[in-house]
Amino acid sequence: MKRWLRQRVDSAYERLLSREISGAPTHVAVIQDGNRRYARSQGDDAHEGHRAGAETTERVLEWCQDIGVEELTLYTFSTENFDRPDEQNEALFDLLCEKLHDFADADRVHDNEVCIRAIGETDLLPDRVQDAVDYAERRTQDYDRFVLNIALAYGGRSRLLEATRGVAADVENGDLEPDEIDVEDIERRLYDRPLRDVDLIIRPAGEERTSNFLPWHANGNEAAVFFCTPYWPEFSKADFLRGIRTYEHRQESWRRTRARRALALLGAVSEPELAEARSVVDRFRDSLPSSERPDAGDLEANDSNSRIAD
């Protein structure tokens, strides 16, 4: 009876969260944490925890597609994971091969035109894993409706370091002038194919850190971060929707801040800057509390005062 009641409550909570969500982030990144701890809590070995976590991953992929997310990146195997016991890694490598082939052949992947890509130092992985990656990428390379990035042998700082070395080498060879270096120069060297900026990072299992995951695309975009306590195999749709709600609240806070800053500047900016500031206020006025929203007359008064001051 308790289990039945819990299911009813969870279902009702999911419906409530679904009604509260009005949009979706474009790119969600997930740190799949807690598989081994979940296995220990169940009296199983680590391999069973990773297999249970893989089932959660499949559900999250469906949830993302249901609400309109366009890109999902999964932190699956870091460069630090190579330090784990060989028997653990070998079992995980076998599971990766199995799931990459399953995903590449799944009807839902092809029906939804999911492009599967691996990011990271994949050449460090065993040959069988590299072959499975190649298979999945080849089978889905022509799709672009949804992108699934699988971070394998991944390290955020190591990728930035390699990109920086690439820029330095081009400067030394005379192929790039230092004052011509821009954002695109770095991004082209991070990955073979472009990633969208990350809007939301999700990390389960109680850890409140992002572990250097996609630092350029997440930190640089001021991504929202959602931490929760369930282990990854226990991660539910309600947890996922709470993460999406965190993103929406973060976006609303960002819009409100932009509107307040622009409104405060209206009386102090010069004529060329005034149009841009007014445009920001117009765009984000509705995000302000009603007591702070300026009306058209307020904006015109600020405009006139600015011209008089000039």
Side-chain angles (χ1 to χ4, degrees), residues 2-3 6-7 10 14 28-64 72-106 108-109 114 116 118-122 124-126 128-133 136 148-156 200-214 225-243:
K2 289 183 178 179
R3 184 176 181 181
R6 179 66 183 179
Q7 290 174 339
D10 289 346
E14 287 178 13
V28 174
V30 179
I31 302 172
Q32 303 170 100
D33 197 16
N35 291 323
R36 292 184 300 157
R37 280 175 282 168
Y38 171 79
R40 287 197 296 268
S41 72
Q42 302 297 308
D44 296 326
D45 58 28
H47 175 67
E48 294 303 320
H50 288 300
R51 184 167 291 279
E55 295 176 1
T56 299
T57 298
E58 294 181 29
R59 292 193 292 269
V60 169
L61 177 59
E62 294 177 1
W63 300 336
C64 284
L72 172 66
T73 300
L74 303 169
Y75 203 170
T76 303
F77 190 86
S78 72
T79 50
E80 290 78 10
N81 290 154
F82 283 111
D83 296 331
R84 291 178 178 173
D86 289 343
E87 61 272 16
Q88 286 189 19
N89 282 341
E90 289 302 317
L92 179 56
F93 292 149
D94 288 340
L95 180 61
L96 284 171
C97 291
E98 174 189 331
K99 290 301 179 181
L100 282 167
H101 280 90
D102 287 349
F103 269 49
D105 294 333
R108 66 180 180 278
V109 167
V114 177
I116 300 174
I119 61 173
E121 308 298 326
T122 56
L124 300 178
L125 297 166
R128 68 185 188 279
V129 181
Q130 293 185 50
D131 290 343
V133 167
L148 173 62
N149 302 307
I150 303 175
L152 295 170
Y154 176 84
L200 170 66
I201 293 180
I202 294 175
R203 181 164 192 166
E207 294 284 352
E208 295 190 359
R209 52 194 173 91
T210 58
S211 295
N212 200 32
F213 188 31
L214 298 172
V225 182
F226 174 67
F227 300 115
C228 59
T229 56
Y231 298 134
W232 181 241
E234 300 171 318
F235 188 80
S236 68
K237 187 174 184 180
D239 296 319
F240 175 75
L241 294 174
R242 287 170 58 214

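Every heavy atom of this structure was used, including side-chain atoms; hydrogens, water molecules and symmetry mates were not. All of these numbers come straight from a predicted model, not from anything done at the bench.
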- Item | Point-to-point distance, once rounded to the nearest 0.5 Å, from CZ of Phe213 to CZ of Arg203 |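 CZ of Arg203 is found 10.5 Å from CZ of Phe213.
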- Message: Measuring from atom OH of Tyr75 to atom CG of Asn81, what distance do you get when rounded to the nearest 0.5 angstrom?
- Response: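 Going from OH on Tyr75 over to CG on Asn81, the span is 7.5 Å.
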Heavy-atom side-chain proximity of [X] to [Y] below 4.5 angstrom:
X: Thr57; Y: Thr76; answer: no
X: Glu48; Y: Tyr38; answer: no
X: Leu125; Y: Phe82; answer: yes
X: Glu87; Y: His47; answer: no
X: Trp232; Y: Val30; answer: yes
X: Leu61; Y: Phe103; answer: yes

- Query: Is Arg51 salt-bridged to Glu98, going by a charged N under 4.0 Å from an acidic O?
  - Reply: yes
- Task: Flag the pair Asp131 and Arg128 as a salt bridge only when some basic side-chain nitrogen lies within less than 4.0 angstrom of an acidic carboxylate oxygen.
- Result: no
Which atom names give the shortest non-hydrogen contact between [X] and [Y], and what distance separates them?
X: Ala39; Y: Asp45; value: CB-O, 3.1 Å
X: Trp63; Y: Ser236; value: CH2-C, 3.4 Å
X: Arg37; Y: Ala205; value: NH1-O, 3.2 Å

- Is the side chain of Asp94 donor-acceptor paired with the backbone N or O of Ala91 at a distance under 3.5 Å, no angle test?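 Between the backbone of Ala91 and the side chain of Asp94 there is no qualifying donor-acceptor contact (under 3.5 Å).
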- Is it true that a side-chain atom of Gln88 and a backbone atom of Pro85 form a donor plus acceptor pair closer than 3.5 Å? no
